[in-house]
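Written below as structure tokens is the structure these notes are about.
Chain A is the first sequence line, chain B the second, and so forth, proteins listed ahead of strands; every chain is numbered from 1.
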Amino acid sequence: MKSQDLMPVHTGAVIEDDVLTLGQLCHACGVHADWIVSLVEESIIEPQGEAIHVWHFTGASLVRVRSALRLQRDLGLNLPGIALVLDLMEELNTLRAQRKTN
Amino acid sequence: MQYKDYYKIMGLARNATQDEVKRAYRKLARKYHPDVSKEPNAEAKFKELGESYEVLKDPQKRAAYDKLGTNWKAGEEFRPPPNWDEGFEFKGGGFTGTDSSAFSDFFEQLFGHAGFSQANCGAQGFATRGQDSHAKIYINLEDSFLGATRNISLSAPEIDAHGNVQLKHRSLNIKIPKGIKPGQHIRLTGQGEPGSSGKAGDLLLEIAFNKHALYRVSETDIYLELPVTPWEAVLGATIKVPMPDGNIDLKIPPNSHQGTKLRLKDRGLPAKTPGDFFVVLQIALPPANTERAKAAYKNLQHELDFNPRLTLGVKRL
């Protein structure tokens, strides 16, 4: 028996698509709501729902918001630049995944 | 503590202008930024770069650093000379880098603890609850396909009572829910950073899949490239196909060709809306390494008179 077998097993909740509210997204990424709103205006992340108080974000938005934050802080990119980088990176990752493994 | 050559890290001469420092930083930052870099140790390189830039971009810190002299070699055991920082006014201001908690001992020895207190407060306006923390974990496709319990190790920089940064390691057993897909998150309530009111933040785990020898995953769909013989593809056949949960007998329809995609509905990742399993046919040519095999190919050539280049508009020789 390994020592890790003695530790409790944590069961988490899966963040399904379209479940994060604006407040949850802000808290999870440690950013201000104004900044999230400006990301939405730049179409960097796209919420479901018409008005801001019923906005819902996908779990994948978490990754994009945090990347956006780092790109802005570390490379000094503006929002259109961040949008372009994230879209190109996504395309690149898709292509890399499709490329044959051998 | 080891001496760090900030100029060498940034590829600069010691007499580089402030503009050159900035340009070198921008260029290297693009190359090593963990979000865009494909370099193997991008994150470590980027941290080192950030630290170098933090010193060299600030004329006061740079002057103080230069005063240490040029006789040091990178990695050499280092002790700052007494009163080396006399007359430099950077102590109060601290440093501005957001990730300064990750800077080296060398940096800390020279430029002090100021600023460490801000490194940890992070989010604005959420004083009551601790911040959520993030980690990416790699699982195998089978873990999602069948559900599993995995032990993961996490490490995070932590500031101790003396203001020193230390890497804190911990390990957690977590349940991998059946059907989770790459890019999805698991939220572990209360496993994030401690809050001022005692309520800790959450730990958010981003799921990524290890590369698999057989399968490729896209969202909830699984792809398998299946080698088949030319006659299996043309005449049709029933062949054994390895699925993540065991082999199945798959019927290849006659007149299939290279790249034909066969869909097994709902046999992908068992998510709430299950994905599909796709078999992509790859026609493998039998080698002609014996006289009999060559004769068989010649016979085929004679019997079929096949020209695959008709659409190219060139006549066969």
Exercise for review: May I ask you to test the A:I15-B:Q184 pair for a side-chain heavy-atom distance under 4.5 Å?
Suggested key: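 No, their side chains stay 4.5 Å or more apart.
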Check your understanding: Tell me, do A:H10 and B:Q191 make a side-chain contact under 4.5 Å, heavy atoms counted?
Key ->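 Side-chain contact under 4.5 Å: yes.
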Nearest non-hydrogen partners of [X] and [Y], listed with the distance:
X	Y	answer
B:R26	A:L75	NH1-O, 3.4 Å
A:A28	B:D132	CA-OD2, 3.2 Å
A:V14	B:P177	CG2-CG, 3.3 Å
B:R187	A:L20	NH2-CD2, 3.6 Å

Contact class of [X] relative to chain A, heavy atoms under 4.5 angstrom:
X	answer
B:Y25	side chain
B:H185	both
B:T189	neither
B:Y223	neither
B:I180	side chain
B:L204	side chain
B:K272	side chain

Practice item. Answer yes or no: are there more than 12 heavy-atom neighbours, outside B:Q258 itself, under 6.0 Å from its atom CD? Key: yes
**Study point:** Enclosure of B:E219 CD (heavy-atom neighbours >12, cutoff 6.0 Å)
**Key:** no
Point to revise | Engaged part of A:L92 at the chain B interface, taking heavy atoms whose separation is under 4.5 Å | key: neither
Practice item. Heavy atoms only, distances under 4.5 angstrom: which of B:I176, B:D35, B:V36 has the most pairs with chain A? Name it, please. Key: B:D35
Check your understanding: Just by modelled atom types, is the A:V63 backbone N or O under 3.5 Å from a matching donor or acceptor in the B:H134 side chain?
Key ->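 The answer is no, because no donor-acceptor pair under 3.5 Å joins these two groups.
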Exercise for review: Would you check, one step at a time, whether the test side-chain contact (heavy atoms from CB on, under 4.5 Å) holds for A:L77 with B:R30?
Suggested key: CA-CA 11 Å; A:L77 296 189; B:R30 284 199 300 273; over 6 Å; no
